[in-house]
Every structure is written in structure tokens, then in C-alpha cells.
Amino acid sequence: MAKKSMIARDAKRKKMVERFAAKRSALMAAFDAAKDPMERLEIHRKIQALPRNCAPSRMRNRCWATGKPRGVYRDFGLCRNQLRERAHKGELPGVVKSSW
């Protein structure tokens, strides 16, 4: 189980990304469309003025069951350990244990 503070910090980042998504995407589109270097510099400063944690790249994929940050499968949102346990119990639809 991950530390509660780390899970809470990630949840806070997720909310912040959602809150600033529209503003950030508008600024990024304006930055890409701008031709004048001074205009681009001004838009870049506005992007830099946004909170650091509103960038989507700062979010971390975490297991929804345990909160572990490593070895998370995107399809299920589970870490490898939980994926294995739940697959053996038959709780994951479409997952079959391989044998040969």
C-alpha cells in the first residue's frame, strides 16, 4: 500500500489538471499558431505562469486498489500484483491464465 499522502497528492494533481485543461490547451494552441517570436515568448511566459502541477505529465498512474505507482496496467488500472490475484480469482473479465 502506498503512503496516503502520496495518493492524496496525486488526486490533488488530477483535479488541478482538469481545472486548468481548457486554459492550458488554449494557450498551447495560441503558441503553436503564433509566428512572431516576441508573441511566442509572451504566450510562453503565460504558460509558465500556470501552476506546475496543472501539467498532465506530472500525473502518475496508480493502482486504484492499492495506490502503488509502479507496474500499473492501463487496461485495468491495477498493479501487477493485484492483477495476478484478481485474475486467479476470476474477477477480471476476459483474462485467462495461460498454459501450454
Side-chain angles (χ1 to χ4, degrees):
M1 186 79 186
K3 287 171 48 175
K4 298 282 188 188
S5 61
M6 298 304 286
I7 295 170
R9 188 182 301 170
D10 246 10
K12 186 177 175 183
R13 281 185 184 141
K14 192 171 188 175
K15 285 180 189 173
M16 190 172 280
V17 167
E18 291 171 2
R19 191 171 64 207
F20 283 93
K23 186 174 184 178
R24 187 177 188 81
S25 63
L27 284 171
M28 294 300 278
F31 181 79
D32 291 338
K35 302 289 184 202
D36 182 36
M38 293 308 290
E39 185 182 354
R40 286 175 69 97
L41 184 64
E42 187 61 35
I43 295 170
H44 188 267
R45 285 190 179 132
K46 288 179 183 176
I47 293 170
Q48 291 291 312
L50 292 174
R52 178 177 284 178
N53 285 334
C54 79
S57 60
R58 290 183 59 93
M59 284 192 325
R60 182 83 176 157
N61 287 342
R62 288 190 176 268
C63 173
W64 59 264
T66 60
K68 284 181 58 155
R70 304 281 179 109
V72 178
Y73 286 79
R74 290 182 184 182
D75 293 338
F76 303 101
L78 291 168
C79 64
R80 57 190 175 82
N81 304 332
Q82 288 294 312
L83 182 80
R84 186 168 189 270
E85 273 183 31
R86 291 169 192 258
H88 284 306
K89 290 179 186 175
E91 295 176 358
L92 299 177
V95 178
V96 181
K97 186 177 184 301
S98 65
S99 61
W100 59 89

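Heavy atoms only: backbone and side chains are in, while hydrogens, waters and symmetry mates are out. When a residue number appears, it is its place in the shown sequence, counting from 1.
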On a heavy-atom basis, which atom in [X] and which in [Y] lie closest, and how many Å separate them?
{"X": "T66", "Y": "C79", "value": "OG1-SG, 3.7 Å"}
{"X": "L78", "Y": "C63", "value": "CA-SG, 3.8 Å"}
{"X": "G67", "Y": "A2", "value": "O-CB, 3.2 Å"}
{"X": "L83", "Y": "L92", "value": "CD1-CD1, 3.4 Å"}

### Task
State whether the number of non-hydrogen atoms from other residues, nucleotides or ligands found under 6.0 Å of H44 atom NE2 is greater than 12.
no
#### Entry: CZ (R58) with more than 12 external heavy atoms under 6.0 Å
yes
### Query
Would you say M16 and M59 are hydrophobically clustered, going by side-chain heavy atoms of ILVMFWY under 4.5 Å?
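No, it is not one cluster - the side chains of M16 and M59 are not joined through contacts under 4.5 Å.
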### Message
Are L41 and I47 connected into the same hydrophobic cluster when the rule is that any two of I, L, V, M, F, W, Y join if their side-chain heavy atoms are below 4.5 Å apart?
### Response
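No, I47 and L41 fall in different hydrophobic clusters.
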Rounded to the nearest 0.5 Å, what separates atom [atom1] in [X] from atom [atom2] in [Y]?
{"X": "R84", "Y": "R80", "atom1": "CZ", "atom2": "CZ", "result": "10.5 Å"}
{"X": "R60", "Y": "R13", "atom1": "CZ", "atom2": "CZ", "result": "10.5 Å"}
{"X": "Q82", "Y": "W64", "atom1": "CD", "atom2": "CH2", "result": "7.5 Å"}
{"X": "R70", "Y": "N81", "atom1": "CZ", "atom2": "CG", "result": "13.5 Å"}
{"X": "R9", "Y": "K12", "atom1": "CZ", "atom2": "NZ", "result": "9.0 Å"}
{"X": "D36", "Y": "I43", "atom1": "CG", "atom2": "CD1", "result": "9.5 Å"}

### CA sep, side-chain torsions, deciding dist, call: M6, R62, side-chain contact (heavy atoms from CB on, under 4.5 Å)
CA-CA 10 Å; M6 298 304 286; R62 288 190 176 268; 3.6 Å; yes
#### Entry: Test side-chain contact (heavy atoms from CB on, under 4.5 Å) applied to E18 - qualifying residues, sequence neighbours left out
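Listed in chain order: K14.
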### Task
May I ask you to establish whether R40 and F31 are in a cation-pi arrangement, using a distance under 6.0 Å from NZ or CZ to the six-membered ring centre and at most 45° from the ring axis?
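So R40 does make the cation-pi contact.
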### Task
Would you mind reporting whether C54 and K23 have side-chain heavy atoms less than 4.5 Å apart?
no
